[in-house]
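Every chain is numbered from 1, with letters handed out A, B, ... down the list of sequences. Please read all numbers here as calculations on a predicted model, not as lab measurements.
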2 protein chains.
Amino acid sequence: MPLQRRRRDGKPHLYEDVVDRIAHMIKGGSFRCGERIPSIRAMSDRLRVSVNTVAAAYARLEDLRLVEARPQSGFYVLPFEVAALGARRPDAREDISAREVTIGDDAMAIIRRLSDPALVPLATGAPNTALLPYRKLNALLAAEARRHPVESASYGSPRGNKHLRQQISRRLLTAGCSVAPEEITVTCGCVEAVSLALRAVCRPGDAVAIGSPVYYTFLNAIQHLGLKVVEIPTDPREGLDIDVLRFALRHAPVRAVVAITNFDNPLGCVMPDRNKQRLVELLAADGIPLIEDDVYGDLGFSGSRPASAKAFDRAGLVLQCASVSKTLAPGYRVGWIVAGRFQAEIEALKALTNIATPSPTQLAVAEFLATGGYDRHLRSLRRTYHVQMAQLRSAVARHFPPATRVSLPAGGSVLWVEMPDRVDALKLHAEALKHGIAVAPGPLFTVGGDYRNCVRLSASTWSPRVEKAVAALGAMACRAAGEDSVASCPADARTA
Amino acid sequence: MPLQRRRRDGKPHLYEDVVDRIAHMIKGGSFRCGERIPSIRAMSDRLRVSVNTVAAAYARLEDLRLVEARPQSGFYVLPFEVAALGARRPDAREDISAREVTIGDDAMAIIRRLSDPALVPLATGAPNTALLPYRKLNALLAAEARRHPVESASYGSPRGNKHLRQQISRRLLTAGCSVAPEEITVTCGCVEAVSLALRAVCRPGDAVAIGSPVYYTFLNAIQHLGLKVVEIPTDPREGLDIDVLRFALRHAPVRAVVAITNFDNPLGCVMPDRNKQRLVELLAADGIPLIEDDVYGDLGFSGSRPASAKAFDRAGLVLQCASVSKTLAPGYRVGWIVAGRFQAEIEALKALTNIATPSPTQLAVAEFLATGGYDRHLRSLRRTYHVQMAQLRSAVARHFPPATRVSLPAGGSVLWVEMPDRVDALKLHAEALKHGIAVAPGPLFTVGGDYRNCVRLSASTWSPRVEKAVAALGAMACRAAGEDSVASCPADARTA
């Protein structure tokens with residue numbers, strides 16, 4: 001039975017005053033997440049109230065999930081929690097239609113500034129270079145150019161350096177794929193791989209099914225290739241809704257499907273293996289190619305690396321795209337595509353796009369994968385992103401309006417934040433920009449004009465400056481929502 | 001008055017026998033181009049014929065352009081000469097129409113093997129890496145990655161590294177262009193620049209005017225973008241026929257023009273400045289963009305660097321594409337485009353193609369242009385190509401059928417060879433392949449099925465192995481033509 005908050009005469013119980021004072025100290029940062037607060041007896045001494053009053057207050061703080069009691073140890077401050085986005089509710093009247101993509105100049109201007117290094121980097125999808133092994137990689141770049149001076153300066157083949165393809169082939173085993181080096185084509189990063197894949201399997205006017213929300217660069221690429229999109233809702237926990245996709249395949253002329261299968265951008269979710277298999281089999285039945293972006297696959301917070309959809313591909317219809325841009329060095333522009341039955345067309349297009357991927361960076365990445373301790377580096381990177389993601393979620397919980405809900409990323413570095421309806425993400429973006437803060441507004445991630453109250457935040461960098469920016473952003477959102485932030489709300493509002 | 005070759009009794013003059021014997025030694029290589037042959041007196045002693053007879057023979061050898069007399073010095077072996085392709089004769093009934101490009105699998109298979117390193121490299125358009133300053137460049141790659149460790153590993157902007165763009169901007173002055181660094185977009189080589197340009201200015205179904213013969217990769221790119229071509233005859237000395245182009249603009253829906261303005265591939269010619277200006281003004285009048293490939297511009301055999309067509313651009317309609325792939329390192333994949341009024345669209349497409357050009361190679365090339373002695377290196381490279389081109393022409397003159405005609409390249413590394421009609425270049429290519437020799441057959445350079453008796457040869461590498469391959473190729477062509485080679489013909493056949 002919950003404690004009574006008010007006495008019969010309408011005045012607050014004395015313990016409520018204690019709750020408010022301690023909650024205020026926790027939310028203000030006097031006691032931080034994971035720290036022990038003073039014992040009941042010590043608090044009773046300090047506040048000069050009875051032990052019973054403090055005990056009632058601590059019980060209430062436990063109810064509010066601000067602290068937890070640990071037997072024989074005391075009371076500890078819990079992380080601030082924010083509600084997670086729930087599973088998507090199926091809607092029988094899904095709007096399935098092939099639409100033109102029309103990204104306006106306004107949106108393009110926003111996108112161009114998302115990675116502006118002068119801004120607090122809360123909008124970027126790029127990794128934090130400080131977390132990457134760039135010194136070792138640069139040293140290998142120098143050493144390999146010395147070791148293979150002519151190869152370094154000469155045209156490689158469109159397919160790419162053989163040593164690199166061997167290393168990639170070995171890494172792909174961790175994603176459940178047994179792929180020979182000859183089946184891999186090296187590209188200038190994953191975006192080039194996806195772009196080549198779209199060009200290989202679609203012709204202008206064709207429709208491509210994609211998740212919603214989806215990484216805006218895909219929409220942009222689709223627009224420039226003269227393609228249309230069919231948006232398939234993405235469940236925040238399981239990825240692309242395969243039932244809706246099945247329906248869409250019957251009702252729209254879908255030529256290909258594009259999906260980020262692991263640690264989706266922007267939702268961070270992983271498509272369960274059974275869904276990957278269903279997806280691959282569903283498309284194989286109609287002979288429709290799946291363009292799989294698995295660039296975040298190595299960035300899971302825990303456990304083993306999830307499988308690629310490519311692992312379930314029997315028909316050669318999955319074009320798996322990835323890179324080392326998120327884990328080693330985006331500036332090296334080394335990615336690849338395993339294109340199945342489309343490999344010849346991909347290699348022809350690659351040759352016409354830029355003849356071949358630059359040689360020196362291929363040599364360096366090959367050597368890093370072979371000898372650089374990639375797994376050890378990954379463990380450290382994944383741990384750091386995991387911690388930073390918790391810090392970001394906690395800060396959003398503390399500073400954003402109480403009704404805010406967030407995604408539950410299982411890996412990667414981006415968090416999807418759904419604010420109360422009254423908050424306009426585009427206005428929030430504009431206001432944040434004035435304060436030197438970059439944030440990616442939700443409408444960039446769709447052609448349908450949805451997600452007006454959503455933003456994507458990045459956990460790739462965490463620092464007092466970033467934390468302060470999240471607080472400032474939360475305050476702006478609270479003002480827009482006409483609400484106080486969680487941290488400044490009465491303690492009980494959080495249980496509403 | 002020419003010497004009489006036969007006596008009144010029908011038998012050859014004695015001096016004719018001497019002519020044949022010395023010509024045979026020259027053509028067989030006993031006396032090589034530039035060497036002095038024995039004096040008249042010495043030859044008279046050795047052949048045991050009179051001084052007058054040798055003098056008559058030497059005079060005849062001069063007539064035949066096999067040797068030249070140098071006052072107070074003696075007689076020197078001249079380079080073998082082959083007739084040059086003449087100026088194109090205008091044809092009032094030019095076939096001007098927009099055609100589909102349909103490069104078949106056979107042609108693609110040929111193209112893929114042209115640069116096969118196992119073959120004698122007579123087909124490649126690539127530079128000879130041995131002539132490039134790859135050691136210095138690789139050293140700068142290492143040094144710059146050490147100096148800018150974070151920048152080297154991080155995403156650059158789609159526009160490219162600023163230091164590099166400054167250096168390119170300075171170099172462009174030698175081509176008559178005053179272009180600010182902000183007007184330059186860095187690309188992964190010149191092919192990427194041309195490909196982005198085509199995508200920026202054309203939509204599928206549009207027609208593009210190109211020279212004929214033309215670098216086959218352009219045809220290939222045009223095909224894959226769903227474009228059509230209007231072939232404009234190219235004069236072997238002056239490039240694109242601007243009168244025919246003017247006619248074509250009136251009679252075909254030309255959306256853009258693609259031209260290699262300096263040291264054309266495959267013809268090696270330079271478009272005179274007055275023609276560049278006419279071309280730019282003609283297109284400006286109709287608002288039609290010119291995609292200018294100036295990748296060979298630094299490779300002239302003599303004199304100052306020719307201007308780019310971009311130098312005459314007042315309307316921002318010229319998209320100038322180039323790279324350092326022919327002069328520094330093809331494997332670095334560093335090129336650029338000066339896109340005029342299309343720059344915003346080019347940069348958007350660049351971002352969607354591969355986000356940005358890799359950073360380490362940009363840093364290295366920038367530093368080479370700034371400090372590496374680029375001009376000194378160019379002088380050496382141009383001299384070497386000049387000498388090797390003379391050697392290639394001389395070998396063709398010696399070994400190919402007498403009616404063979406060749407282009408007169410003013411720079412670059414490729415020679416266009418027109419053989420007698422009876423020689424089928426595709427068959428020659430197939431036979432050469434069996435002997436481990438790569439040669440680019442003429443039909444690759446057009447959509448119209450012309451140039452069946454032409455091949456493109458490369459002067460980028462010269463060695464006894466290459467020389468032997470040219471001899472073997474010439475022998476095959478002679479057999480196909482049902483003729484003897486020049487070297488084995490009676491000496492007088494060459495004056496026919």
Is [X] close to chain B through its backbone or its side chain, or both, or neither, when contacts mean heavy atoms under 4.5 Å?
X        : answer
A:Arg203 : neither
A:Glu347 : neither
A:Ala348 : side chain

Using non-hydrogen atoms and a 4.5 Å limit, figure out which bit of [X] sits close to chain A: side chain, backbone, both or neither.
X        : result
B:Leu225 : side chain
B:Glu151 : neither
B:Arg112 : neither
B:Pro149 : both
B:Ala139 : neither
B:Thr357 : backbone
B:Ser154 : both

Task: OG1-NE2 distance between A:Thr353 and B:His224, expressed to the nearest 0.5 angstrom - done: 9.5 Å
Open item on the list: Rounded to the nearest 0.5 Å, what separates atom CG in B:Leu141 from atom CD in A:Glu144?
Closed with: 11.5 Å
Quick one: which of [options] has the most heavy-atom pairs under 4.5 Å with chain B, could you say?
options                                : answer
A:Ala145, A:Ala142, A:Ala344           : A:Ala145
A:Gly226, A:Ser115, A:Pro158, A:Gly331 : A:Gly331
A:Ala221, A:Gly189, A:Ala351           : A:Ala221

So, do [X] and [Y] sit near enough that their side-chain heavy atoms are less than 4.5 Å apart?
X        : Y        : answer
B:Pro330 : A:Tyr155 : yes
A:Leu352 : B:Ser195 : no
B:Arg333 : A:Ile355 : yes
B:Pro360 : A:Pro360 : no

TODO: Step through the shown structure and confirm whether more than 12 heavy atoms of other residues, nucleotides or ligands are within 6.0 Å of CZ on B:Arg255.
DONE: no
TODO: Using a cut-off of under 4.5 Å on heavy-atom pairs, state which of B:Cys190, B:Ser152, B:Gly156, B:Ser157 scores highest against chain A.
DONE: B:Ser152
Task: Option in B:Leu137, B:Asn220, B:Thr361 with maximal non-hydrogen atom pairs under 4.5 Å from chain A - done: B:Asn220
Task: Set of residues satisfying side-chain hydrogen bond (donor to acceptor under 3.5 Å, both in side chains) with respect to B:Asn354, sequence neighbours excluded - done: A:Glu192, B:Glu192, B:Lys350
Task: Per-residue contacts, residues 124-136 of chain B versus chain A, heavy atoms under 4.5 Å - done: B:Ala126, B:Pro127, B:Thr129, B:Tyr134, B:Arg135
